[in-house]
Amino acid sequence: MLTIEHDVNLKPYNSFGLPALAHRLVRIRTEADVRRVVDHPELGRAPKFILGGGSNIVLTRDIDAVVLKIEIPGIRLLEDRSDAWIIEAGAGVAWQELVQWSIDHGYPGLENLALIPGTVGASPVQNIGAYGVELKDRLDSVEVMDLVTGRPALLPASVCRFGYRDSVFKHSDFGGLAGKSVITRVRLRCPKPWMPQLSYLDLARKVEQTGIAEPSARQIFDWVCEIRRAKLPDPSVIGNAGSFFKNPVVTEDQCRDIIGRDPGIVHYPMPDGSIKLAAGWLIDACGWKGKSVGGAAVYDKQALVLVNRGEARGAEVVTLARAIQESVYGRFGIRLEPEPILL
Ligand code: EPU
């Protein structure tokens, strides 16, 4: 049975807490639900919008496309190989629930990615990352279903075109899969032997402060949760979508000029010779912390995060974001690119 819900307010279903209506919404709990949508006389051909945890979207208007709200549950150990544990999770599982489960069951490897909001199904779309680990470093494969044929496929990580907060699932052109396929399950690879990843400055500091030189995966999980809680707002309390802008990557030439003018700028050399600048630092340097447009504001502890102070509308978030982009461009000549998808 396929149940179509009409005019559903999406405010509780996006982490920014922005109001917008889904004219038609279908909850997907199994692969069979996807097939029912594909075979449906009206829904089958209609454009689709896939909604996971809603932690990476800014809703500025009602949605005409059929919203498929992904609620596929389940976590299991799929394979215990000599070089890795392969864990499979339903796309509707909360990411943090999966990380917690993996730590509790003794399959380390996901601890640096603790407390990232959103669902398992959304994690490859953005290639989520934090504290020196990106999803692509731990992804085995992605189970998808084609939204035209209803056929399932297993995509190995190598075909997902992962980049910094980017993948084949985020684009609809050049063979991208956005709107064409739906992610139903994700298989993660927890490598054996486990190696702690402590290179990120905030974690290296924890090692120094606590004197724990060889932390367990659970210890790192706890540290990452502590670090994130101290500087990032909890979306269940203050609406937000995590980092609002990507950290811009520039050439050494561009950077030399900028560093010459602002020696304090936070920057990281990348393996390919390019330089990543801290967008939070750039925004902070332009004096944006705590500033607002209507209900949308720049978080006062981390300038990279935009928050909903109460009754923000998507348009206010977008106006604030544009003003930030203009001021950073005016001062540094750098164009900031939003991380979430603006709808
Ligand atoms: N900074 C400031 N002022 C600010 C914010 C940051 O001066 O208001 C400086 C910090 O002091 C630090 C530097 O900028 O030296 C970088 O800040 P931070 O370490 O907080 O990390 P980030 O670059 O802002 C990135 C990811 C986060 C991820 C952390 C940890 C992006 C866009 N963001 O943030 O990812 O959790 O590193 O790995 O890549 C997300 O994508 O939603 C997200 C939260």
Side-chain angles (χ1 to χ4, degrees), residues 12-13 15 26-35 50-56 68-131 133-145 152-157 160 162 167 169 181-197 216-225 228-229 234-236 242:
Y13 298 146
S15 65
V26 176
R27 290 171 202 271
I28 302 293
R29 297 195 177 93
T30 64
E31 278 80 354
D33 289 337
V34 180
R35 264 186 298 270
I50 314 291
L51 181 64
S55 61
N56 202 45
L68 302 183
K69 184 166 184 304
I70 310 301
E71 299 181 351
I72 300 172
I75 310 177
R76 62 177 176 146
L77 178 69
L78 193 67
E79 236 184 296
D80 184 352
R81 299 203 310 232
S82 59
D83 63 340
W85 288 284
I86 308 295
I87 299 170
E88 186 197 71
V93 172
W95 175 260
Q96 172 70 354
E97 194 190 316
L98 170 65
V99 179
Q100 181 81 61
W101 184 94
S102 66
I103 298 293
D104 290 346
H105 287 75
Y107 312 127
L110 302 180
E111 55 283 349
N112 292 51
L113 302 175
L115 222 57
I116 295 182
T119 52
V120 166
S123 64
V125 180
Q126 270 294 93
N127 182 24
I128 57 171
Y131 306 103
V133 177
E134 282 184 316
L135 183 86
K136 72 172 172 55
D137 306 324
R138 298 288 180 267
L139 188 83
D140 175 74
S141 48
V142 181
E143 296 178 38
V144 298
M145 286 181 81
L154 184 66
L155 306 181
C160 296
F162 286 122
S167 76
F169 306 106
S181 282
V182 56
I183 295 172
T184 51
R185 295 174 200 273
V186 173
R187 297 182 184 177
L188 294 142
R189 192 178 171 281
C190 295
K192 295 182 196 172
W194 172 72
M195 297 272 285
Q197 171 53 266
S216 63
R218 185 178 292 277
Q219 178 66 76
I220 297 172
F221 172 85
D222 289 341
W223 282 343
V224 170
C225 289
R228 290 186 74 97
R229 287 199 175 106
D234 177 351
S236 64

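Atom set for the values below is all heavy atoms of this structure, side chains included, hydrogens, waters and symmetry mates excluded.
For the pair Glu111 and Gln219, the minimum side-chain heavy-atom distance is 4.5 Å or more. Contact annotation: the side chain of Ile50 approaches that of Ile70 to within less than 4.5 Å [non-hydrogen atoms, C-beta and beyond]. Side-chain contact between Val182 and Val144: absent, with no pair of heavy atoms (C-beta onward) separated by less than 4.5 Å. Two residues are said to be in side-chain contact when any heavy atoms from C-beta on lie closer than 4.5 Å; Phe162 and Leu139 meet this criterion. Residues Met195 and Gln197 have side chains not in contact (no heavy-atom distance under 4.5 Å, counting atoms from C-beta outward). Side chains of Asp104 and Phe221 form no contact here, defined as non-hydrogen atoms less than 4.5 Å apart. Looking at Pro117 and Pro235, their side chains come closer than 4.5 Å, going by heavy atoms from C-beta outward. Between Pro108 and Trp85, the closest side-chain pair of non-hydrogen atoms falls below 4.5 Å.
The two residues Ser15 and Ser55 have their closest heavy-atom pair at OG-CA, 3.1 Å. The two atoms that bring Ile116 and Gly129 nearest to each other are CD1-O, 4.1 Å, heavy atoms only. Of all heavy-atom pairs spanning Thr184 and Ile72, the tightest one is O-CD1, 3.6 Å. For Arg228 against Ala130, the heavy-atom pair with the smallest separation is NH1-CB, 3.7 Å. The heavy-atom pair separating Ser102 from Ile87 by the smallest distance is CB-CD1, 3.9 Å. Counting all heavy atoms, side chain and backbone alike, Ala91 lies closest to Thr119 at O-CB, 3.3 Å.
Distance check, rounded to the nearest 0.5 Å: CG of Leu188 to CG of Asp140 gives 8.0 Å. Between the OG atom of Ser181 and the CE atom of Met145 there is a distance of 10.0 Å, given to the nearest 0.5 Å. How far CD of Gln96 is from CG of Leu113: 10.5 Å, rounded to the nearest 0.5 Å. In this structure, CG in Leu78 is found 5.0 Å from CZ in Arg187, a value given to the nearest 0.5 Å. Between the OG atom of Ser167 and the CD1 atom of Ile128 there is a distance of 11.5 Å, given to the nearest 0.5 Å. Between Ile86 atom CD1 and Asp80 atom CG the span is 9.5 Å, to the nearest 0.5 Å.
A centroid separation of less than 6.0 Å is found between the aromatic rings of Trp101 and Tyr107.
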Could you go through the side-chain contact (heavy atoms from CB on, under 4.5 Å) check for Arg138 and Val133 one step at a time?
CA-CA 8 Å; Arg138 298 288 180 267; Val133 177; 4.2 Å; yes
Would Val142 and Cys160 count as a side-chain contact (heavy atoms from CB on, under 4.5 Å) here? Give the steps.
CA-CA 9 Å; Val142 181; Cys160 296; 4.2 Å; yes
Passes side-chain contact (heavy atoms from CB on, under 4.5 Å), Val26 versus Asp33? Steps please.
CA-CA 9 Å; Val26 176; Asp33 289 337; 5.8 Å; no
So Asp83 and Arg189, salt bridge (Lys or Arg N to Asp or Glu O under 4.0 Å) or not? Walk me through it.
CA-CA 9 Å; Asp83 63 340; Arg189 192 178 171 281; 3.3 Å; yes
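For the side-chain contact (heavy atoms from CB on, under 4.5 Å) with Val186, the lone residue among Val93, Val120, Leu98 that qualifies is Val120.
Glu31 meets the side chain to side chain donor-acceptor pair (under 3.5 Å) test with Arg185; sequence neighbours excluded. For Gln126, the side chain to side chain donor-acceptor pair (under 3.5 Å) test picks out Asn56, Lys170, Glu339, with sequence neighbours left out. Judged as a side chain to side chain donor-acceptor pair (under 3.5 Å), and not counting sequence neighbours, the contacts of Glu88 are Arg76.
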